[in-house]
2 protein chains.
Amino acid sequence: MPSPGSTPAQPGRRPRGRPGHDRAAVLRRAIALFNVQGYDATSVSDLAADLGVTKSAVYHHFASKEDILAAALDEALTELDALVAAAQAASDRSARERLEETVVAAVGILVEHRAAVTLLLRVRGNSAVEQAALARRRHIDAALAALVVEAVDEGDVRADVPAEVISRLVFGMVNSLTDWYEPGGRSGPAALAAAVRGVLFEGLGARSRVS
Amino acid sequence: MPSPGSTPAQPGRRPRGRPGHDRAAVLRRAIALFNVQGYDATSVSDLAADLGVTKSAVYHHFASKEDILAAALDEALTELDALVAAAQAASDRSARERLEETVVAAVGILVEHRAAVTLLLRVRGNSAVEQAALARRRHIDAALAALVVEAVDEGDVRADVPAEVISRLVFGMVNSLTDWYEPGGRSGPAALAAAVRGVLFEGLGARSRVS
DNA sequence: GTCTATACGGTGATAGAC
DNA sequence: GTCTATCACCGTATAGAC
């Protein structure tokens, strides 16, 4: 495959033609705009104006507006698929251990791919593209729930609450990070992941042995 | 009170005009549609068709599409304001105790006014109405965060995580209920509230004294 | 390879006539 | 209270400039 049209553009060496945006740059701005204004409320004109080009330029990079959304959702889903795969592997470790690591890793993904994940979490299945994304997400959620079931069965996670509910609550808390976490915040991703892990697995109580 | 708009039930003597929907009925359907399709993706035509009337009939009850949104958001915000007021009162009790009760009450509101709260949680401030709602919501969030600070100061909630972060995580978990809880589910609201309280304050660990 | 100009069919919100 | 006309703007297609 002799480089089919993709990125000869090394920094400092403009290949040819105009100094415009490439597909990845358009996608990045689109995700940002979709998150601020909402997908439906964002017109291709908005995106083009934000990039400083015309609508047609946007349609040069993507076949349709929905195609942009699909690419954005794919970014998030690819990361989450990898998360699930990692959680299912290494089954020599206890489910509880893998669950804790999965929560920590999920926080990392939320932070690193915040914009794409935020978009994914807001999808409501209002089109074929969105429904496909929801289906992939359901698969991921089911795998995470199965991990919780394992941990409950092994006796390392409380059994007085249905595992399905626990799974929803755990990843509901993790996902809620997209609503407020700012990359430039006071506490970094590592501290945040530790906080989530601590609150979830140890509870809110003061750190004391007795009581 | 001479039956305000509802069921005059006098044969052959309609009170006025047609047997159409009243404002509350329109609002209820609107909230449902907004949640399924998204606010922006829902046109007034959609709503009118769903109600079986024309667009203009909808505009008779509400001045604009945004006005419908404002009414919906007000329902949720009114409930949450009451929640905050209750949490701040009774300050003879410990902050931890009031926090636990607030969490339980919040779950109740989420369940009972799920549709309106869901709408509120999706607002991004894309218009004056939405910005006003966001401002009210920020005020509520701040009050809840202050309650957590109190509980930390009293030594009843862990201090190794910033109170602000704890507050976000706690109510992030609570708010995530809107994404999956179905009123007809197997576990009722009371069991759900108990589950959330338990997971948050005791942690996910198996119920055992000796570990 | 990236962008501009232009146009078209469709639909939304809304105002004004009935 | 309802119907209709209007008009702005949407997503998309095509043809060509740099």
Side-chain angles (χ1 to χ4, degrees), chain A residues 1-31 33-34 36-72 126-130, chain B residues 4-6 8 13-27 29-30 33-34 36-72 126-130:
Chain A
M1 271 186 240
S3 71
S6 68
T7 73
Q10 302 290 20
R13 184 86 170 78
R14 274 272 165 56
R16 251 284 165 238
R18 303 197 173 182
H21 317 78
D22 61 2
R23 189 182 153 103
V26 173
L27 180 58
R28 214 172 327 122
R29 287 306 307 155
I31 293 178
L33 273 184
F34 290 166
V36 171
Q37 306 182 348
Y39 172 74
D40 291 301
T42 304
S43 68
V44 179
S45 295
D46 289 341
L47 174 56
D50 186 274
L51 290 165
V53 298
T54 66
K55 267 197 297 185
S56 307
V58 173
Y59 277 99
H60 171 70
H61 294 289
F62 292 92
S64 69
K65 187 187 173 189
E66 249 199 334
D67 197 32
I68 305 177
L69 180 63
N126 214 359
S127 68
V129 163
E130 297 196 0
Chain B
S6 65
R13 194 91 184 104
R14 279 260 179 59
R16 232 190 196 307
R18 306 203 169 180
H21 315 78
D22 61 3
R23 189 181 151 101
V26 172
L27 180 59
R29 287 306 306 156
L33 274 183
F34 289 167
V36 171
Q37 308 182 347
Y39 172 74
D40 291 301
T42 303
S43 69
V44 178
S45 294
D46 290 341
L47 175 56
D50 186 274
L51 290 166
V53 299
T54 66
K55 267 197 293 188
S56 306
V58 173
Y59 278 102
H60 174 252
H61 293 292
F62 291 91
S64 68
K65 187 184 168 189
E66 247 199 334
D67 196 31
I68 305 177
L69 179 64
N126 212 2
S127 68
V129 163
E130 295 196 359

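Sequence lines set the chain letters: A, B, ... in the order given, protein chains first and strands last, and positions in each chain run from 1.
- The nucleotide whose nearest atom lies closest to any side-chain atom of B:S56 is, among D:dT12, C:dT14, D:dT4, D:dT4.
- The side chain of B:T54 lies closest to D:dC3, out of D:dC3, D:dT12, C:dC3.
- OP1 or OP2 of D:dC10 has at least one side-chain nitrogen or oxygen of A:S43 nearer than 4.0 Å.
- For C:dC3, one of the phosphate oxygens OP1 or OP2 lies less than 4.0 angstrom from a side-chain nitrogen or oxygen of A:H21.
- Between the side chain of A:K55 and the backbone N or O of A:S43, no donor-acceptor pair lies under 3.5 Å.
- Close to C:dT14, at under 4.0 Å from its OP1 or OP2, lies a side-chain N or O of B:Y59.
- Proximity of A:H61 to the phosphate of C:dC3: a side-chain N or O atom is located under 4.0 Å from OP1 or OP2.
- For the pair A:F62 CZ and C:dT2 P, the interatomic distance rounds to 11 Å; values are reported in whole Å.
- Across the protein-nucleic acid pair, B:L47 atom CG and C:dA13 atom P stand 10 Å apart, rounded to whole Å.
- Looking at B:K55, its side chain has no donor and acceptor atom pair within 3.5 Å of the base of C:dG12.
- What separates CZ of A:R23 from C1' of C:dC3 is a distance of 17 Å, to the nearest Å.
- At a cut-off of 3.5 angstrom, counting only N and O atoms as typed in the model, there is no donor on one side facing an acceptor on the other between the side-chain of A:K65 and the base of D:dT12.
- In terms of heavy atoms, A:A72 sits closest to A:L27 at N-CD1, 3.9 Å.
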When you look at B:F34 and B:I68, which way does the side chain to side chain contact (heavy atoms under 4.5 Å, CB included) test go after all the steps? CA-CA 10 Å; B:F34 289 167; B:I68 305 177; 4.0 Å; yes
Are A:V53 and A:V26 close enough, and set up right, to give a side chain to side chain contact (heavy atoms under 4.5 Å, CB included), and what steps lead you there? CA-CA 11 Å; A:V53 298; A:V26 173; over 6 Å; no
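- When distances run from any side-chain atom of B:H60 to the nucleotides C:dA13, C:dT6, D:dG1, the shortest one goes to D:dG1.
- Sequence order on DNA chain D of the closest nucleotides to A:S45 and A:A63 puts A:S45 first from the 5' end.
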